[in-house]
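Atoms within a ligand are numbered from 1 in the order they appear, just like the ligands themselves.
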Amino acid sequence: MSEKFQPDRSFLVQKFARINFGQFHVVGYSVAGEETVVQIPELNVCFDIGRAPYFSLTSDFVCITHSHMDHLAGLGYYLSQRAFQGMKPGTVLIPRELERPVDALLRCWRDVERQGTPFKLVPMTAGQMYEVRRDFGIRCFGTHHGGASLGYSLVSVREKLKPELMGTPGPELVKMRNQGIEIQYRVEVPLVAYLGDTTLGNVFDQPDVQNAQILITETTFFDPGHKTKAKAGRHLHLDHLVEILPRLKNEYIVIGHVSRRTGIRRARHLLRKRIGEEQMKRILFLMDLDDSKPAGEVEDLAPPPPENAE
Ligand SMILES: [Zn+2]
Ligand SMILES: [Zn+2]
């Protein structure tokens, strides 16, 4: 074979992000209009499912934020692969309004695939808490993306002895409890909050969103000329993010769903210019991979994305 026509050994191999926060990792992929899937492996939860990349299969719980294909396409594959590999059925939390069509879709896949893939859909309404274990729950809140859309927070729940009972001997506490006296109080710690797609709104006043140790939010557009796109698609623009940041008390903020039009490095540069180095310390871009280029890699190989790709 002439050297001129050597076949490529690989082509556009998809790279996933993995950020180590000590207590847990954030693993995923998130590019506007293409695919969004974000996993917290240690908490057994995947937010959105994208095209169901291999790592997503290991999470027993999937929290779907809204019905756009870039967030939902892999759901049938996720459930089917888990059944195929002998794993227990996935539990899928989903906005209540989407339960019926998604249930129909998954039943349709059963007919198409001729395999009785089991699944569990949990319809969720803003404010509702799904108790995974006594000490861990998933709470949802409304977001602003047009149509039914929810964000989710992973909440650690602990029962603590009431401060006024500190030092009370054990047998006495047991006696009080047997008499029906409440001796403990509930402490909730939001560990991770994930917003999916949203524009500016009161979601950013939610205590879970403001206080989560790690907040994972979209910011799709960064260029000054993209404000109308953000409005039309009900996404966040850099200007919105700058406005919201002072309200957020999160230890870390992870930004995803950045448009390929801007590119991660340029997005980060534009944000730094607005908020300064000190503020940048708690902000990470999910897709800021080691080898990110100023522009997305796809641009080198394909025509530019269409005007309304997001
Ligand atoms: Zn999206
Ligand atoms: Zn969307």
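Under the 3.5 Å distance criterion, with hydrogens and angles disregarded, no donor-acceptor pair is assigned to the side chains of S153 and Q206.
The name of the N, O or S atom in D197 nearest to the Zn ion (ligand 2) is OD2. No other N/O/S atom of H66 lies as close to the Zn ion (ligand 2) as NE2 does. Per residue H145, closest N, O or S atom to the Zn ion (ligand 2): atom name NE2.
Among the atoms of H68, an N, O or S atom is found under 2.8 Å from the Zn ion (ligand 2). Coordination check, D70 versus the Zn ion (ligand 2): failed, since every N/O/S atom of the residue sits at 2.8 Å or beyond. Because the distance cut-off is set at 2.8 Å, H71 qualifies as a neighbour of the Zn ion (ligand 1) through one of its N, O or S atoms.
Between the side chain of R282 and the backbone N or O of E251 there is no donor-acceptor pair closer than 3.5 Å.
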With a 3.5 Å cut-off and sequence neighbours excluded, list the donor-acceptor pairs that the side chains of residues 26-33 form with protein atoms.
{"unit_1": "Y29", "atom_1": "OH", "unit_2": "E34", "atom_2": "OE2", "d": "2.5"}
{"unit_1": "Y29", "atom_1": "OH", "unit_2": "R260", "atom_2": "NH2", "d": "3.2"}
{"unit_1": "S30", "atom_1": "OG", "unit_2": "T36", "atom_2": "OG1", "d": "3.0"}
{"unit_1": "S30", "atom_1": "OG", "unit_2": "H257", "atom_2": "N", "d": "2.8"}

Identify every side-chain donor-acceptor pair in residues 85-95 under 3.5 Å, counting partners at least two apart or on other chains, and give the distances.
{"unit_1": "Q85", "atom_1": "NE2", "unit_2": "Q81", "atom_2": "OE1", "d": "3.3"}

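Partner of V155 under the side chain to side chain contact (heavy atoms under 4.5 Å, CB included) criterion, out of I138, L191, D208: D208 alone.
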